[in-house]
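These figures come from a predicted structure and were not determined experimentally. Chain letters run A, B, ... following the sequence lines, proteins first and then strands; every chain starts at 1.
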Amino acid sequence: MMTTTATEIVSTPDDRSGEHDRVLPGEIDASCRWTVLALFVGALFWLVAASGLQALSSVKLLMPGLLAPWEFLTYGRLEGAVSCGLVFGFAIPALMALLTWIQCRLGGQSLAGSLGFWIFGSMWNLGVLGSVLGILAGDGSGLAWFELPLYGAAPMAAAYIVGAGVLLLNVKLRAVREMHVSQWFLLLAVIWFGWAFTVAVLLNQTLSSGLVHLLVGYWFKQQMFFMTLLPGALAVVFYVLPKVAEAPVRPRSLVLFAFWTFVFIGPWGGIPQSAPLPAWMVSVGVVASTLVLVPILATILTVYETLGGNCGSLRKTSEGSLVMGSVLALALFAVMNWVRNWSGVAGVVELSVFSKGMSLLLVLGVCGLGVLGGIHHVVPKLTHSQWLQPSWARIHGTASILSVAAVVAGLILAGMFQGLQSNKLGSTASEIAGAARPMLALSALGCLSYFLAQSALFGAVLWQSALACRACCVPCLVDWAKDQRVEKAEVGR
Amino acid sequence: MKHGPFILVGLLLASASSWCGMVLAPLVQWRDLQPEKDEGTATYYPSRRSGLAEQGSEVYRAMGCFHCHTQIIRGRGLGMDLEKGLGTRRSVAIDFLYDHTVMPGETRLGPDLANFGVRSRKAGDTNGALARRSILVKLFDPRSVNSASIMPSYAHLFEVRKISRTPSPEALVLSPGAGAQSGFEVVPKPEAIALAAYLTSLDSQKSVFVAPVPKPVKKGGEKGTNASPSVVVETHSAPPK
């Protein structure tokens, strides 16, 4: 793992206008230490909670009698709470924390306006708590991946405006003017989510038609998955990657091309072929899912070129493996997202658990692994200490990658078997469920091990933060106690 | 790229154009969405659900049934929904015109319910009472109907109570071992009754302009009919007792 004093190998030396104003990495970390750590702790809490609920819901598909009398733990409610916890509880605030730190490091600046992030963190997490409890109590909106009830969504939207506003202010105040690739993706993710989220919440409140809500739900899901989680993960990848590979991102022209084509194609996809929407929208979505392969493949080629073809170098560190896992998940996602629209394939996989597998490939694979890689990279720097046991970090990285692979592969294969069986004339519901069962079991196993791995990470981050807190507070307390003693002695005299 | 504003303008252009295309344009297209009149019967499709069924749709949403059941029929070439008799045509926007919450669903872990109201009504069940009863039994204990079912039990939508002098006419008739102890009866709460009313109201078989029901070819003496197909679909293997 790198030390805090390692030089920033992030862009070519001629990019470094404003270099003289740069703050040292140690000071930068000190300025954002508690803000970023607090956001990580909140995000990891939700990751553990959501993956625990996910493990339960996946086991319930195999053992429907498990905890059956608990109304709030029925499958339908659990699923809504899981998606809310994973995306809104974990992914968005973890990305905000990572992007904030990355911005400070790349911008060569101390964190400005940390109060804004504390306001964001507390209001956002309260909103998520309200939403998850609300969904478990039956207040979900009925829109997949956007089930937030208004009383959760409204404070979250307000919190996000504050948090994103302060982050953008930090971008503006940067000492190093030239923007790194990672910062382009950062801006894309942060701005796009703010806009899509507030518009979706407002539209669903002001317009009462169920059809409009459905349309907004499809649109928002695409903007959140494609234009927020994906570029957010890429921002982390393009920061961590050059560090591990000790080389700048190259070729710049290719990644520039990838960025802009992605920005203009990405938001148009995501409409299922069976959706009850105008047929032209479905066609536009299919074309966009095909075209978006180009920027994604260009991005992956950039990663390959940056590594100089030596992908093995990434495996040396846990963050390298996790980031590589995220890139591989992205490659798989892009290809499958294209293939799923082929005429022979769509009729089999649509409306099966394949769709859930694809969503989780993006949320847990592309975004989740990238974010975990970022956390592995950043936490030791913020807490001034290595992970307790570097080998544990490696084990956590490998366990996370394998668990996500099992969850996603299980669902994707289960969906295919389910679709093939259900397209047989005269097949019964039990036969269809039976065809998917073995692969659903694999997925449930993946969910359980993912939950265990993330619980361990949560514990480790809490422990490291506590140690850092002690290291920071104990000397202060000792000084204070000394002062008190001296004062008392003086009064006594 | 040195300039944040350059990126900002690009992002603004991209997001505004996609929003206009993927949200505004369909909203404009749907502005004139109206119920369609069936000239033969002089009825309109779709019609509003009853208040009870409307409440039932809220229960359907609150329970997250849409995580396992779709309400969407795919057209020819995309799956075998029509061949399997799940519906007579593909689902389109107008089918959901009056729904307060539209829940087409993304995953079919259980059968599609877009036309459940039609197929649950057996011959002779004129007012749908029998259909509603069998649905209530299924909701109370799905595995009493199909031992391999993975559907959760919604027993909390029912009240198990001591039988007073006269048993409640609403009480479920359950198979032995599936119900309450002797001396007790299982009575649906209002939520369960509303949910059953919603499920029996699900019917999207009528022909509409954008998705007409194909007329069967008339051959010889056979009479063409546009009635619902005989539906024996992805349903439980054992009949309700």
Heavy-atom pairs under 4.5 Å with chain B - which of A/Q273, A/H213, A/E431, A/K356 has more of them than the others? A/Q273
Do A/Q223 and B/W19 have a side chain donor and acceptor closer than 3.5 Å? no
Check whether B/R108 reaches the backbone of A/Q418 with its side chain - one donor and one acceptor, N or O, closer than 3.5 Å. no
In terms of heavy-atom pairs under 4.5 Å with chain A, which of B/S17, B/P26, B/S91, B/A25 leads? B/P26
Report the distance from atom CG of B/L109 to atom CD of A/E79, rounding to the nearest 0.5 Å. 8.5 Å
Just verifying a value: how many Å separate A/I191 CD1 and B/L8 CG, rounded to the nearest 0.5 Å? 4.5 Å
So which atom in B/G10 and which in A/V263 form the shortest heavy-atom distance, rounded to 0.1 Å? O-CG1, 4.5 Å
Sort A/S355 into side chain, backbone, both or neither according to what part of it lies under 4.5 angstrom from a heavy atom of chain B. side chain
Region of A/L215 in contact with chain B, defined by heavy-atom distances below 4.5 Å: side chain
Which region of A/Q183, side chain (C-beta onward) or backbone (N, CA, C, O), has a non-hydrogen atom less than 4.5 Å from a non-hydrogen atom of chain B, or is it both or neither? neither
Given that the side chain runs from C-beta out, which part of A/V181 has a heavy atom under 4.5 Å from chain B: side chain, backbone, both or neither? neither
Portion of B/F66 that has a non-hydrogen atom of chain A nearer than 4.5 angstrom: side chain
Are the side chains of A/M179 and B/I7 in contact, using a 4.5 Å heavy-atom criterion? yes
Tell me, side chain or backbone of B/S149 under 4.5 Å from chain A's heavy atoms, or both, or neither? backbone
For A/L203, is it the side chain, the backbone, both or neither that has a heavy atom under 4.5 Å from a heavy atom of chain B? side chain
Engaged part of B/W30 at the chain A interface, taking heavy atoms whose separation is under 4.5 Å: side chain
Examine whether an atom of A/W70 lies under 4.5 Å from a heavy atom of chain B, and if so say whether it belongs to the side chain, the backbone or both; otherwise answer neither. neither
Set of residues satisfying side-chain hydrogen bond (donor to acceptor under 3.5 Å, both in side chains) with respect to A/S141, sequence neighbours excluded: none
Within a reach of under 6.0 Å around CZ of B/F184, are more than 12 heavy atoms found that belong to other residues, nucleotides or ligands? yes
Tell me, side chain or backbone of B/L33 under 4.5 Å from chain A's heavy atoms, or both, or neither? side chain
At a heavy-atom separation under 4.5 Å, does B/H100 approach chain A through its side chain, its backbone, both, or neither? both
For A/K424, is it the side chain, the backbone, both, or neither that has a heavy atom closer than 4.5 Å to a heavy atom of chain B? backbone
Interatomic spacing from CD in A/E350 to OG1 in B/T107 - rounded to 0.5 Å: 10.5 Å
Contact origin within B/Y154 toward chain A - heavy atom pairs under 4.5 Å: side chain
For A/F354, is it the side chain, the backbone, both, or neither that has a heavy atom closer than 4.5 Å to a heavy atom of chain B? neither
Leading residue by heavy atom contact count with chain A [cutoff under 4.5 Å; candidates B/G77, B/A148, B/G21, B/P152]: B/G21
Looking only at heavy atoms, what is the nearest atom pair of A/W260 and B/L11, with distance? CZ3-N, 4.2 Å
Give, as side chain, backbone, both or neither, the part of A/V284 having an atom under 4.5 angstrom from any heavy atom of chain B. side chain
With a 4.5 Å limit on heavy-atom distance, are the side chains of B/P104 and A/L214 in contact? yes
I need the residue from A/A436, A/G217, A/G210, A/P276 with the largest number of non-hydrogen atom pairs under 4.5 Å to chain B. A/P276
Whatever's closer than 4.5 Å to a heavy atom in chain B on A/D139 counts as backbone
Heavy-atom side-chain contact between B/Q29 and A/M281 under 4.5 Å: no
Test side-chain contact (heavy atoms from CB on, under 4.5 Å) on B/N146 and A/S430 and set out the steps. CA-CA 8 Å; B/N146 169 7; A/S430 304; 3.0 Å; yes
How far apart are the closest heavy atoms of B/L78 and A/A346, and which atoms are they? CD1-CB, 3.5 Å
State the CG-CD1 distance between A/L440 and B/I150, to the nearest 0.5 angstrom. 7.5 Å
Taking all non-hydrogen atoms of both residues into account, name the closest pair between B/V102 and A/L211 and its distance. CG2-N, 3.5 Å
Looking at A/G138, is its backbone amide N or carbonyl O close enough to the side chain of B/R61 to form a donor-acceptor pair, meaning the two atoms are under 3.5 Å apart? yes
Which bit of B/V92 is near chain A, if near means a heavy-atom gap under 4.5 Å: side chain, backbone, both or neither? backbone
Non-hydrogen atoms of chain A under 4.5 Å away: do they reach the side chain of B/E106, the backbone, both or neither? both
About how many Å separate SG of B/C68 and OH of A/Y75, when rounded to the nearest 0.5 Å? 5.0 Å
Tell me, for A/W268 versus chain B, whether the close heavy atoms (under 4.5 Å) come from the side chain, the backbone, both or neither. both
Atom group of B/R143 that falls short of 4.5 Å from chain A, counting heavy atoms: side chain
Going through the checks in order, is the side-chain contact (heavy atoms from CB on, under 4.5 Å) test met by A/Q222 and B/M22? CA-CA 11 Å; A/Q222 175 71 2; B/M22 297 308 262; over 6 Å; no
Closest-packed option against chain A by number of heavy-atom pairs under 4.5 Å, given B/M63, B/M151, B/M80, B/H67: B/H67
Run the side-chain contact (heavy atoms from CB on, under 4.5 Å) test on B/R74 and A/L351 for me, step by step, so that the C-alpha distance in whole Å, both residues' side-chain angles and the decisive distance to 0.1 Å come before the verdict. CA-CA 10 Å; B/R74 297 171 294 175; A/L351 304 186; 3.7 Å; yes
Who among A/G80, A/A196, A/P278 has the most heavy-atom pairs with chain B under 4.5 Å? A/P278
Ranking A/F72, A/Y218, A/W195 by heavy-atom pairs under 4.5 Å to chain B gives rank one to A/W195
Side chain proximity check, B/L13 to A/F264, heavy atoms < 4.5 angstrom: yes
Distance only, no hydrogens: is a donor on one side chain within 3.5 Å (strictly under) of an acceptor on the other, for B/K84 and A/S422? no
Can you name the nearest heavy-atom pair linking A/T74 to B/S153, along with the distance? CG2-O, 4.4 Å
Per-residue contact mode, A/L66 against chain B (heavy atom under 4.5 angstrom): neither
Is it the backbone or the side chain of B/A155 that comes under 4.5 Å from a heavy atom of chain A, or both, or neither? neither
